[in-house]
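Supplied in structure tokens, the structure appears directly below.
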Amino acid sequence: METQETDQVLFRFFETTSGEINKFIQTISVEHLLEAKELILSSEKQGGRVHVTGIGKPGHVAEYIASLLSSTGTPAYFLDGTEAIHGSAGQVRSGDVVLSISNSGETAELKKTVQTLKNNGAKIISITGKKNSWLSKNSDCFLFAGVEQEGDPLNKPPRASILVEVLLLQALSVLLQQEKGITNTEYVKWHPGGTLGQSMLTQ
């Protein structure tokens with residue numbers, strides 16, 4: 001591929017992606033984010049826990065978000081979306097909250113997982129790019145995370161959609177962290193290692 005063609009491809013990717021993210025930020029419902037925050041806080045007050053799940057690439061997002069929440073004052077557990085219907089749903093108790101991530105909101109495996117969790121008494125917060133999807137309609141709280149263009153000519157591989165899912169859930173983590181008043185002292189207790197931990201210790 002010629003250098004000029006490479007530059008054009010990358011320019012279109014960055015331009016499309018930045019455009020989609022900027023449009024998405026304008027559509028974020030603060031009301032729904034606050035609703036999700038209160039659902040989690042209410043569950044925690046009753047001894048409930050938070051779990052994060054997804055199928056495919058959203059599953060990798062789920063692992064990251066579970067880690068991020070745990071490190072900022074909201075203990076969270078990754079739940080494998082496929083393994084859940086083969087016994088792992090046992091980690092979720094009645095009254096727990098599950099963040100369920102799916103761009104389409106129609107994935108067959110996730111439908112089975114969510115239905116199983118709901119039958120076991122869990123509350124579902126859905127994160128999906130389709131407002132009228134099965135997942136959005138079968139959740140206790142719906143957070144929209146959708147884009148029109150993924151950033152490449154195929155418009156199929158999840159790129160921009162993954163970024164907005166992460167961005168939206170990072171926003172939720174900020175609200176929870178703020179609500180709980182997490183300080184540097186508390187944060188470093190959960191992250192004493194590495195350069196980050198050392199930088200906190202010297203403050």
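Residue numbers start at 1 and run along the sequence shown.
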- Query: How long is the gap from CG on Leu168 to CD1 on Ile65, to the nearest 0.5 Å?
  - Reply: 9.0 Å
- Item | Check: Thr53 side chain, Leu79 main-chain N or O, donor-acceptor pair, under 3.5 Å | yes
- Message: When you measure from the side chain of Thr113 to the backbone of Gly81, do you find a donor-acceptor pair of N or O atoms at a distance under 3.5 Å?
- Response: yes
- Task: Please lay out, stage by stage, how Thr72 and Val174 fare under the test side-chain contact (heavy atoms from CB on, under 4.5 Å).
- Result: CA-CA 8 Å; Thr72 52; Val174 169; over 6 Å; no
- Answer with yes or no whether the side chains of Lys180 and Thr74 bring together a donor and an acceptor at under 3.5 Å. yes
- For Gln91 and Phe78 the tightest heavy-atom approach is NE2-O, 3.4 Å
- Task: Using the rule that two of Ile, Leu, Val, Met, Phe, Trp, Tyr join whenever any of their side-chain heavy atoms come within less than 4.5 Å, decide whether Leu167 and Val147 are in one cluster.
- Result: yes
- Is there a side-chain contact between Asp96 and Asn120 (heavy atoms, below 4.5 Å)? no
- Close side-chain approach of Phe142 to Thr128, heavy-atom, < 4.5 Å: yes
- Are the side chains of Val97 and Ile40 in touch, meaning some heavy atoms are under 4.5 Å apart? yes
- Evaluate side-chain contact (heavy atoms from CB on, under 4.5 Å) for Glu63 paired with His60, printing each intermediate quantity in order. CA-CA 5 Å; Glu63 289 189 81; His60 299 296; 3.8 Å; yes
- Check for a donor-acceptor pair, side chain of Ser70 on one end and backbone N or O of Ala76 on the other, with a separation under 3.5 Å. yes
- Task: Output yes when a side-chain donor or acceptor of Ser29 lies under 3.5 Å from a complementary backbone atom of His32, and no otherwise.
- Result: yes
- Enter the distance from Phe11:CZ to Thr6:OG1 here, rounded to the nearest 0.5 Å. 15.0 Å
- Item | Main-chain N/O of Glu148 paired with Glu20 side-chain donor or acceptor, under 3.5 Å | yes
- Message: I need the minimum non-hydrogen distance between Val164 and Gly146, along with the two atoms involved.
- Response: CG2-N, 4.3 Å
- Message: Is there a continuous path of hydrophobic side-chain contacts, each under 4.5 Å between heavy atoms, that joins Leu169 to Tyr77?
- Response: no
- Task: Please test Leu39 against Cys141 for side-chain contact (heavy atoms from CB on, under 4.5 Å), starting from the C-alpha separation and ending with a verdict.
- Result: CA-CA 8 Å; Leu39 190 62; Cys141 176; 4.3 Å; yes
- Message: What I want to check is whether the side chains of Tyr64 and Gln170 have a donor and an acceptor closer together than 3.5 Å.
- Response: yes
- Message: side-chain contact (heavy atoms from CB on, under 4.5 Å), that's the test. Do Ile127 and Val61 meet it? Break it down for me.
- Response: CA-CA 11 Å; Ile127 300 90; Val61 175; over 6 Å; no
- Would Ile28 and Leu175 show up in the same hydrophobic cluster when neighbours are defined by side-chain heavy atoms closer than 4.5 Å? yes
- Query: At what distance, to the nearest 0.5 angstrom, does NZ of Lys57 lie from CD1 of Ile162?
  - Reply: 7.5 Å
- Does Glu106 reach the side chain of Leu135, with side-chain heavy atoms less than 4.5 Å apart? no
- Message: Is there a side-chain contact between Lys156 and Glu150 in this structure, where contact means two heavy atoms from C-beta onward sitting under 4.5 Å apart?
- Response: no
- Val98 side chain near Val52 side chain, heavy-atom distance below 4.5 Å: no
- Out of curiosity, Ser102 OG to Lys130 NZ, how far, rounded to the nearest 0.5 Å? 8.5 Å
- Task: Taking Ser161 for its side chain and Pro158 for its backbone only, find out whether a donor-acceptor pair lies under 3.5 Å.
- Result: no
- Return the minimal non-hydrogen interatomic distance between Ala122 and Asp140, and the atom names on each side. O-OD2, 4.2 Å
- Query: Under 4.5 Å between side-chain heavy atoms, hopping through other hydrophobics if needed: is there a path connecting Val114 to Leu143?
  - Reply: no
- Message: Is it the case that the side chain of Thr16 and the backbone of Phe13 share a donor-acceptor pair, with hydrogens and angles ignored and the cut-off at 3.5 Å?
- Response: no
- Item | Separation between CG of Leu10 and CD of Glu5, rounded to the nearest 0.5 Å | 10.5 Å
- Above 12 or not: heavy atoms from other molecules or residues under 6.0 Å from NZ of Lys123? no
- Nearest heavy atoms of Leu68 and Ser173, plus distance in Å: CD2-OG, 3.5 Å
- Item | Spacing of Thr82 atom OG1 and Glu109 atom CD [to the nearest 0.5 Å] | 5.5 Å
- Query: Taking side chain as C-beta onward, heavy atoms only, is Ile124 less than 4.5 Å from Asn138?
  - Reply: no
- NZ of Lys112: more than 12 outside heavy atoms within 6.0 angstrom? no
- Heavy-atom closest pair (Pro157 atom, Asp152 atom, distance to 0.1 Å) is CD-OD1, 3.8 Å
- Task: Measure from the side-chain N and O atoms of Ser136 to the backbone N and O of Ser133, and report whether any donor-acceptor pair falls under 3.5 Å.
- Result: yes
- Measure across Ser43 and Arg49 and return the closest heavy-atom pair with its distance rounded to 0.1 Å. OG-N, 3.9 Å
- Message: Side chains of Phe24 and Thr27, heavy atoms from C-beta outward: is any pair under 4.5 Å?
- Response: yes
- Any chain of hydrophobic side-chain contacts (each under 4.5 Å) joining Ile55 to Leu99? no
- Query: Looking just at side-chain N and O atoms, do Asn119 and Gln115 make a donor-acceptor pair shorter than 3.5 Å?
  - Reply: yes
- Query: More than 12 heavy atoms of other residues, nucleotides or ligands under 6.0 Å from CD of Gln178: is that the case?
  - Reply: no
